[in-house]
Enquirer: 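The structure that follows is given in the form of structure tokens.
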Amino acid sequence: MKIFSHQIIFDGHLASFDNILLQKNISSRNIEHNYSLQFYNNQDRELTLTSDYPFETLQENQNFNFIVHDVVEFSWNFQDQIILYTLHDKGSMDLLRYWLYHTLLPAYFSLRDKVYILHVGAVSYKNTPLVFMANSFGGKSTLTNYFLEKGHDLITDDKLITYEKEDEYFAIPSFPYHRPYRENETLGKYTENFESKELAIKTIYLLKKVDKNEDIILSTLKGIEKITHLRSCTEIDFSFQFKQNMAYLFEFSKKVQLIQISIPWDLKRLPEVYDTIINHQNSLL
């Protein structure tokens with residue numbers, strides 16, 4: 001299974017550049033880590049990232065530990081494609097996969113590569129990502145799930161890794177699970193409809209919750225309002241990467257439209273919302 005465009009190999013052999021080897025830690029080597037950051041999360045777990053060098057000045061030989069306390073600990077070197085894991089008392093392979101896919105790998109790529117991670121849902125349509133951004137409980141997961149039911153391929157249900165290439169910004173598919181519900185520490189439902197390609201992002205839809213009887217209206221956001229909304233849905237937001245991330249976001253905002261769409265708060269009107277987005281996309285093609 002490909003996760004963020006990489007094949008994850010469990011306790012096997014590293015075969016190519018696009019592989020990441022996840023290997024049980026059997027080493028007794030003790031590297032002193034004097035630097036640490038606490039992660040915010042909504043899964044009732046304590047998360048800590050530690051390192052042997054300051055985060056502000058990353059070194060080629062820098063080592064990291066990501067600890068989900070009582071559950072699992074991941075360790076890796078800055079440029080390594082091997083991630084070691086240690087299960088703790090309350091750990092399991094299911095919980096390991098959840099934290100690996102949802103949090104560890106986005107943090108791993110954010111530290112290592114020039115990427116920007118957005119907290120959004122996304123599906124594909126005619127080789128174009130349809131990206132849905134919303135506040136908590138703003139309908140993002142519900143709309144993503146509706147598009148999947150209509151036969152679209154999933155790009156991500158939660159975290160979208162983006163990167164720049166030749167003056168375009170691309171979306172990297174995450175993993176083939178989605179959660180129309182929010183049960184703690186679960187990958188969710190497996191879907192066969194999973195996008196296999198990295199696609200250039202043209203448009204992001206900002207969902208605005210409105211009364212169930214209001215009209216569905218599209219409006220284009222620009223300037224500081226656009227930057228503010230994009231910034232608010234940033235995921236894996238390391239403080240030491242603030243300048244780098246803001247520079248990325250500024251350039252990203254020049255190339256990607258941000259369209260606000262009013263969403264009547266009534267599931268019966270989802271077909272209208274769907275048709276509005278599809279018709280808007282067709283007008284852009």
Enquirer: Would you say the side-chain atoms of Lys24 pair up with the backbone N or O of Asp11, donor to acceptor, closer than 3.5 Å?
Expert: no
Enquirer: Students often mix this up, so state it plainly: with edges at 30° and 60°, are the rings of Phe109 and Phe4 parallel, tilted or perpendicular?
Expert: perpendicular
Enquirer: With ring centroids as reference points, do Tyr53 and His33 lie under 6.0 angstrom apart?
Expert: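 They do not qualify: ring centres at least 6.0 Å apart.
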Enquirer: Does the ring of Trp265 carry Lys212 above it, NZ/CZ under 6.0 angstrom from centre and within 45° of its axis?
Expert: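 No, cation not above the ring by the 6.0 Å, 45° rule.
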Enquirer: Assess the side chains of His280 and Tyr205: does a donor N or O sit below 3.5 Å from an acceptor N or O?
Expert: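 Judged by distance alone, the side chains do pair up.
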Enquirer: Report the residue from Ile117, Leu118, Ile172, Val115 that forms a side chain to side chain contact (heavy atoms under 4.5 Å, CB included) with Thr162.
Expert: Leu118
Enquirer: Would you say Phe74 ends up clustered with Phe78 if hydrophobic residues are merged whenever their side chains have heavy atoms under 4.5 Å apart, either directly or through other cluster members?
Expert: yes
Enquirer: Any idea how Phe175 and Tyr177 line up, ring-wise: parallel (<30°), tilted (30 to 60°), or perpendicular (>60°)?
Expert: tilted
Enquirer: So Arg231 and Asp237, salt bridge (Lys or Arg N to Asp or Glu O under 4.0 Å) or not? Walk me through it.
Expert: CA-CA 10 Å; Arg231 177 67 182 161; Asp237 191 21; 3.0 Å; yes
Enquirer: Taking the six-membered ring for Trp, are Phe39 and Phe238 parallel (under 30°), tilted (30 to 60°) or perpendicular (over 60°)?
Expert: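 The arrangement is perpendicular - the two ring planes meet at more than 60°.
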Enquirer: Got a sec: does the CD of Gln38 have more than 12 other heavy atoms crowding it under 6.0 Å?
Expert: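 Yes, enclosed.
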Enquirer: Check the pair Tyr169, Tyr163 against ring pair (Phe, Tyr, Trp, His ring centres under 6.0 Å), reporting the backbone distance first and the verdict last.
Expert: CA-CA 6 Å; Tyr169 288 83; Tyr163 71 97; 8.8 Å; no
Enquirer: Measure the NE2-CD distance between His6 and Gln81 for me, rounded to the nearest 0.5 Å.
Expert: 7.0 Å
Enquirer: Between the side chains of Glu198 and Lys165, is the shortest nitrogen-to-carboxylate-oxygen separation below 4.0 Å, so that they form an ion pair?
Expert: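 No.
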Enquirer: I'd like to know whether CD of Glu56 has more than 12 heavy-atom contacts from other residues, nucleotides or ligands below 6.0 angstrom.
Expert: yes
Enquirer: Less than 4.0 Å between a side-chain N and a carboxylate O, is that true for Lys202 and Glu168?
Expert: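 Yes, Glu168 and Lys202 are salt-bridged.
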Enquirer: Is the Lys NZ or Arg CZ of Arg97 less than 6.0 Å from the centre of Phe10's six-membered ring, within 45° of the axis?
Expert: yes
